[in-house]
2 protein chains.
Amino acid sequence: MRMENRDSEERMSLTARAYGEIRRRILDNEMPPGTMMLEQELAAMLAMSRTPVREALIRLANEGMVEVRPRHGMRVLPVSADDMAEIYQILTALESDAAAEIARTGLGPEELAALKGAVQEMEDALAADDLKAWARADGHFHTLLIEACRNKRLRALVYQFWDQTYRVRMLTLTLRPRPTDSNRDHQALVDAIERRDPEAAARIHREHRLRAGAMLVSLLRNGPTQL
Amino acid sequence: MRMENRDSEERMSLTARAYGEIRRRILDNEMPPGTMMLEQELAAMLAMSRTPVREALIRLANEGMVEVRPRHGMRVLPVSADDMAEIYQILTALESDAAAEIARTGLGPEELAALKGAVQEMEDALAADDLKAWARADGHFHTLLIEACRNKRLRALVYQFWDQTYRVRMLTLTLRPRPTDSNRDHQALVDAIERRDPEAAARIHREHRLRAGAMLVSLLRNGPTQL
DNA sequence: GCACTCGTTTGTGTATACGTAAATGAATAC
DNA sequence: GTATTCATTTACGTATACACAAACGAGTGC
């Protein structure tokens with residue numbers, strides 16, 4: 001049980017392990033924003049030498065998760081309201097374009113069914129007042145959608161920026177209003193894709209993300225702490 | 001004479017120098033697509049040890065310029081027609097969104113004047129049949145424009161993908177039709193920004209990039225070699 | 001108290017060392 | 001001539017070594 005996971009982890013390079021492990025700790029908030037750690041501390045924590053840690057940090061820094069400051073080690077980057085606004089502008093542009101492309105190309109019946117299933121998951125979670133499950137279903141929906149995009153570079157970018165919003169979304173989950181209109185958006189988006197209407201798909205997705213971004217930004221601006 | 005340049009280069013870290021130098025050689029086609037080099041060869045070429053070279057390669061690989069294959073060193077990535085299509089889809093989405101934002105925010109008179117100056121440069125170059133100068137002016141225009149975008153993450157992404165199209169644009173410069181309609185697009189875009197019309201700005205930029213992308217893709221598909 | 005100098009500590013940037021596994025090629029069998 | 005095995009080479013992944021410069025703090029002068 002879960003043997004394949006351990007196996008695959010064990011045959012990965014140390015650099016890859018360091019990257020995955022540090023990233024996981026940041027996303028899980030085990031290393032909250034602002035956390036500073038020296039290369040040596042990370043190396044000790046992960047039971048390896050500084051070399052693979054440094055290489056992992058270069059990637060994480062490129063992806064905007066951490067900052068490497070000359071003498072103070074790595075710092076887990078906080079996500080300010082302004083950062084969030086920037087990230088959502090990018091996600092909005094990329095994802096709405098992807099939605100248009102998907103609607104133009106069309107989706108197979110099983111893919112459409114999967115999307116509808118995810119929408120149903122969201123409805124169920126909302127009915128059960130299970131916000132955690134709702135967030136999972138929401139992630140599921142958007143993952144199914146973006147995976148249907150043929151552009152692998154675009155997919156990679158979207159995943160990268162999702163990562164950067166993950167912590168904030170998790171931590172604001174209980175602060176935001178019930179996501180009823182979010183569910184409505186998703187249903188409308190599936191409809192637009194099903195009827196092969198690229199303009200509508202792009203517009204719906206754009207407004208969906210603009211609204212989500214604006215809400216998160218305002219929560220961050222009014223909230224006490226910077227995440 | 002160019003002393004400041006040497007100085008700044010000399011106080012850079014070796015990793016930064018390796019990154020800049022390898023990137024330059026790739027963009028200038030001194031290391032054409034497909035070129036394979038071992039870490040040791042690069043290190044010898046740049047008169048440093050493998051360590052900074054490896055760190056530079058990690059960044060270059062993240063940015064999609066090279067591929068690092070376990071035992072064959074680094075390989076300068078070719079840009080296929082499909083790659084170009086992916087990159088232009090992303091640039092189209094990001095830049096047209098940036099154009100809309102700029103039109104919404106509005107530009108100061110000196111920024112508008114600079115843009116108009118760049119358009120004039122393009123006209124002059126085209127009149128003089130100087131394609132090199134035209135490409136420079138075109139780059140100048142789009143740089144001025146994207147620099148007006150407040151979103152630094154978006155700017156960085158656009159620069160990164162421009163880099164990846166640079167070689168192809170240079171090498172196809174003489175193969176493409178005279179860029180008269182390109183100049184017209186730029187003039188129309190400046191007008192849309194000046195009258196603060198975000199929808200028009202986005203639409204014009206979108207179509208401008210879609211056309212440019214389609215042209216490059218078709219040149220690559222019909223051309224003999226992959227760049 | 002406050003600024004300033006200078007020695008000390010420490011983290012990093014880079015070079016180097018080293019074991020391992022992939023690639024290569026020779027030698028053999030058919 | 002083709003396939004297979006095995007020894008050799010070699011490029012890489014990782015660990016370690018080391019010099020330097022930044023940060024820190026004690027001590028000094030005021």
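To find a chain, count down the sequence lines: A is the first, B the second, and so on, and within it residues start at 1.
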Proximity of H205(A) and H142(A) rings by center, below 6.0 Å: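 They qualify: ring centres under 6.0 Å apart.
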Interatomic spacing from CD1 in I102(A) to CG in L189(A) - rounded to 0.5 Å: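 The CG atom of L189(A) is 8.0 Å from CD1 of I102(A), to the nearest 0.5 Å.
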Report the distance from atom [atom1] of [X] to atom [atom2] of [N], rounded to the nearest whole Å.
X      : N       : atom1 : atom2 : value
I58(B) : dC12(D) : CD1   : P     : 13 Å
M36(B) : dC12(D) : CE    : P     : 10 Å
E39(A) : dT16(D) : CD    : P     : 15 Å
L57(B) : dC12(D) : CG    : C1'   : 12 Å

Residues which pass side-chain hydrogen bond (donor to acceptor under 3.5 Å, both in side chains) with D83(A), listed by chain and number, not counting sequence neighbours: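 Applying side-chain hydrogen bond (donor to acceptor under 3.5 Å, both in side chains) to D83(A) gives S80(A), R153(B).
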Residues touching DNA chain C, which here means a heavy atom under 4.0 Å, drawn from residues 60-75 of chain A: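 Those residues are P70(A), R71(A), G73(A).
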Residue-level proximity of residues 47-55 of chain B to DNA chain C when a heavy atom falls under 4.0 Å: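 Nucleic-acid contacts, sorted: M48(B), S49(B), R50(B), T51(B), P52(B).
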Return a table of donor-acceptor pairs under 3.5 angstrom between the side chains of residues 88-96 of chain A and protein atoms on other chains or two or more places apart.
| from | atom 1 | to | atom 2 | distance (Å) |
| --- | --- | --- | --- | --- |
| Q89(A) | OE1 | N151(B) | ND2 | 2.8 |
| Q89(A) | NE2 | D97(B) | OD2 | 3.1 |
| Q89(A) | NE2 | E101(B) | OE1 | 2.9 |
| T92(A) | OG1 | Y88(A) | O | 2.5 |
| E95(A) | OE1 | R209(A) | NE | 2.4 |
| E95(A) | OE1 | R209(A) | NH2 | 3.1 |
| E95(A) | OE2 | R209(A) | NH2 | 3.1 |
| S96(A) | OG | T92(A) | O | 2.7 |
| S96(A) | OG | A93(A) | O | 3.4 |

R169(A) and T165(A) side chains, donor-acceptor separation under 3.5 Å: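 R169(A) and T165(A) do have a side-chain donor-acceptor pair below 3.5 Å.
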Under 3.5 Å side-chain donor-acceptor pair for E63(A) and Y19(A):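 On atom types as modelled, these side chains qualify, holding a pair under 3.5 Å.
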Worked verdict on R24(A) versus E30(A) for salt bridge (Lys or Arg N to Asp or Glu O under 4.0 Å): CA-CA 8 Å; R24(A) 188 193 63 72; E30(A) 288 175 27; 3.0 Å; yes
Pair E21(B) + R25(B): basic N to acidic O under 4.0 Å: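 Looking at E21(B) and R25(B), the cut-off is met.
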Pair D163(A) + R23(A): basic N to acidic O under 4.0 Å: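 Yes, this pair counts.
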Nucleotide range of DNA chain C lying under 4.0 Å from chain B heavy atoms: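 Taking any atom under 4.0 Å from a heavy atom of chain B, the span is dT14(C) to dA23(C).
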Taking distance alone, no hydrogens or angles, what donor-acceptor pairs closer than 3.5 Å link side-chain atoms of residues 64-77 of chain A to residues at least two apart or in another chain?
| from | atom 1 | to | atom 2 | distance (Å) |
| --- | --- | --- | --- | --- |
| E67(A) | OE1 | R75(A) | NH1 | 2.5 |

